[in-house]
Enquirer: 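Please find one structure pasted underneath; my questions will follow.
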Amino acid sequence: DNAGWINASDDIRVNYSNYKEVERVQTTGAFLTVSHDFGLLELTSISAFWKAERFVSLDVDKSPFNSLHITRHPNSDQYSQELRLASSDPSAFRWVAGALFFKQPLEVENFFSFSGTADPRDAGIPQNYHNDARTKAVFAETITDLNSTFSLTVGARYSIDENAFGMTFPLVGIDDITREREDKNVSGRVILNQSIGEDFSLYYSISTGFQGGGYNGGAFGLADIGDGYKPEKLTAYEIGWKSEPLGRRMKVNGALFFYDYEDIQLFSLAATSTGDFSQTIANTRKGRAYGLDLDVKALVTEHLTIAGGV
C-alpha cells in the first residue's frame, strides 16, 4: 500500500485487515400477473415492485494500516409494468405485441477514510450520488408455420432509455453536478426453426441486443464522469439443436454461437500521473466471442435425474 507494507503471504486469500468488513442486504419485492382470454385474443398484465437496501464496509488496502477504508450504502427501488396482447388461436400464424415501462431510482451514500480514522463514517469524507433510470419500450413478434418442417419467428423492439444522474463529492471538487442522457434503439431477431422428426429440431437465428448508456457512479473527478458512456450493442449469430433421444428419457440441446459487440462498456481502475487513481466506465470499440454451448439432462430412473452442461 502507500505506507510501503507488503503482504508476505503467497496466498492472495490471506490479508491483514484491521477494519471489520460487513455486508448487510435487505430486499423486498412483489409481482402480480393478471390475464384474460377473450377467445381469439389474450391480454396479460405483469406488475412488479422490488426494493433493495445494502450496507457494505470495506478495508480496501487489506493491510494493518488505515490506508483506505470505505462504507457504501446504496438504496434502490424498481417498478415495472408490462401489458401484452397475444393471439389465442393455435393457427399457422401466431403473434404477440405489447408495451413495457420500467423505473429505477437509485441513491448511494459512500464514506471514505484515507490514512486516518478507522471508520470512514467518522472521517467525514462523503460521496453521494443518485441515478434515476427509466425505460419505455414497445415490442411485437410473429411466428409463422411455413410448412410441416419450417417455421419462422420475426420480432422487433423499440426502446427509449433515460438516465438522470447527480453527484456531490467535495473532496475532489464535484459540487452537485447533474447529467442527463436519452438513448433510443431498435433491436430484433429472426429465427428459422427446422423440425427433423418428433425428437430432433434445428434452429438458425440472428438477433440484436442493446444495453443502455449511463454515468460512472464511482467517479473520483469530473473527468471520470464526462459525458457518460454510450450504449453497448450486440449482434448474435446462432445455430443450435434440440433433441430428446432414448424415448425422450434424455434432452441434449446445444448451439454454436458468434457474438459481435460494438461500444463495449468496460470498467477500469488506473493510476494517474499525479499519483492518484481513476476509476471509469468507458466504451471500447469492438469485441467478439464465439463458442459452443451444450446442455444434457437424463432421466436415469424414475427418481433420479442427472443434468450437466458446458
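Computed from heavy atoms alone, side chains included, the values below leave out hydrogens, waters and symmetry copies.
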Enquirer: Once salt bridge (charged side-chain N to carboxylate O under 4.0 Å, His left out) is applied, do any residues pair with Lys233, and if so which ones, sequence neighbours excluded?
Expert: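 For Lys233 there are no salt bridge (charged side-chain N to carboxylate O under 4.0 Å, His left out) partners, ignoring immediate neighbours.
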Enquirer: What residues, two or more places apart in sequence or in another chain, satisfy ring-ring contact (aromatic ring centres under 6.0 Å, His included) together with Phe169?
Expert: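 In terms of ring-ring contact (aromatic ring centres under 6.0 Å, His included), with neighbours along the sequence ignored, Phe169 is linked to Phe112, Phe220.
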Enquirer: With rounding to the nearest 0.5 angstrom, report the CD1 to CG distance, Ile174 to Asn128.
Expert: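 Ile174 atom CD1 to Asn128 atom CG measures 11.5 Å (nearest 0.5 Å).
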Enquirer: Residues in salt bridge (charged side-chain N to carboxylate O under 4.0 Å, His left out) with Glu53, at least two apart?
Expert: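 By the salt bridge (charged side-chain N to carboxylate O under 4.0 Å, His left out) rule, Glu53 matches no residue at all.
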Enquirer: So which residues get pulled into Ile206's cluster when ILVMFWY side chains under 4.5 Å apart are joined, directly or through others?
Expert: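 Ile206 clusters with Tyr237, Phe258, Tyr290.
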Enquirer: Can you see which heavy atom on Gln78 is nearest to which on Gln104, and at what distance?
Expert: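 For Gln78 versus Gln104, the nearest heavy atoms are NE2-NE2, 3.1 Å.
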Enquirer: Of all residues at least two apart in sequence or in a different chain, which pass the salt bridge (charged side-chain N to carboxylate O under 4.0 Å, His left out) check with Glu182?
Expert: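 Salt bridge (charged side-chain N to carboxylate O under 4.0 Å, His left out) list for Glu182, sorted by chain: Lys184.
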Enquirer: Answer yes if the side chains of Ser201 and Ser195 hold a donor-acceptor pair under 3.5 Å, and no otherwise.
Expert: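 Not at all, the side chains of Ser201 and Ser195 share no donor-acceptor pair under 3.5 Å.
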Enquirer: Nearest 0.5 Å, what's the OH-CG distance between Tyr215 and Asp227?
Expert: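 If we round to the nearest 0.5 Å, Tyr215:OH and Asp227:CG are 7.5 Å apart.
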Enquirer: Checking one residue: Val96. Which other hydrophobic residues are in its cluster under the side-chain 4.5 Å linking rule?
Expert: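 Under the 4.5 Å side-chain rule, Val96 groups with nothing.
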Enquirer: Can you tell me how far CG of Asn216 sits from CE of Met167, rounded to the nearest 0.5 angstrom?
Expert: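 Output value for this atom pair is 7.0 Å.
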Enquirer: Taking only distance into account, with no hydrogens and no angle test, what donor-acceptor pairs under 3.5 Å do side-chain atoms of residues 298-310 form with protein atoms, sequence neighbours excluded?
Expert:
residue, atom, partner, partner atom, Å
Thr301, OG1, His303, N, 3.2
Thr301, OG1, Leu304, N, 3.1

Enquirer: Same cluster or not: Val172 versus Leu222, using hydrophobic residues (I, L, V, M, F, W, Y) connected whenever any side-chain heavy atoms lie under 4.5 Å apart?
Expert: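 Yes, because Val172 and Leu222 connect within a single hydrophobic cluster, where side-chain heavy atoms sit under 4.5 Å apart.
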Enquirer: Would you please name every residue forming a ring-ring contact (aromatic ring centres under 6.0 Å, His included) with Tyr259, sequence neighbours left out?
Expert: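 For Tyr259, the residues satisfying ring-ring contact (aromatic ring centres under 6.0 Å, His included) (neighbours in sequence not counted) are Phe257.
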Enquirer: Would you give the length of the straight line joining atom CG of Leu256 to atom CG of Leu294, rounded to the nearest 0.5 angstrom?
Expert: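 The CG atom of Leu294 is 10.0 Å from CG of Leu256, to the nearest 0.5 Å.
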Enquirer: Just verifying a value: how many Å separate Asp260 CG and Lys286 NZ, rounded to the nearest 0.5 Å?
Expert: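 If I round to the nearest 0.5 Å, the distance is 6.0 Å.
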Enquirer: Distance-only criterion, 3.5 Å: show the donor-acceptor pairs between side-chain atoms of residues 159-166 and protein atoms not counting sequence neighbours.
Expert:
residue, atom, partner, partner atom, Å
Ser159, OG, Arg157, NE, 2.8
Asp161, OD1, Thr135, OG1, 3.0
Glu162, OE2, Lys136, NZ, 3.3
Asn163, OD1, Asn131, ND2, 2.9
Asn163, ND2, Gly213, O, 3.2

Enquirer: Is there a path of hydrophobic side-chain contacts, each under 4.5 Å between heavy atoms of I, L, V, M, F, W or Y residues, that connects Phe101 with Leu106?
Expert: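 No, because Phe101 and Leu106 fall into different hydrophobic clusters, even though each may have its own neighbours under 4.5 Å.
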Enquirer: Using a side-chain heavy atom cutoff under 4.5 Å and only I, L, V, M, F, W and Y, what cluster partners does Val25 have?
Expert: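 Same cluster as Val25: nobody, lone residue.
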Enquirer: Applying side chain to side chain contact (heavy atoms under 4.5 Å, CB included), name anything that partners Asp295, two or more places apart in sequence or on another chain.
Expert: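 So Asp295 forms a side chain to side chain contact (heavy atoms under 4.5 Å, CB included) with Asp293.
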Enquirer: Identify each donor-acceptor pair in which a side-chain atom of residues 34-52 lies under 3.5 Å from a protein atom, sequence neighbours left out, and give them as a table.
Expert:
residue, atom, partner, partner atom, Å
Asp37, OD1, Gly39, N, 2.8
Asp37, OD1, Ser88, OG, 3.3
Ser45, OG, Gln81, NE2, 3.0
Ser47, OG, Gln81, OE1, 2.4
Lys51, NZ, Asp77, OD1, 3.3

Enquirer: Would you please test Thr280 and Ser268 for side-chain hydrogen bond (donor to acceptor under 3.5 Å, both in side chains) and show each step?
Expert: CA-CA 5 Å; Thr280 61; Ser268 65; 2.9 Å; yes
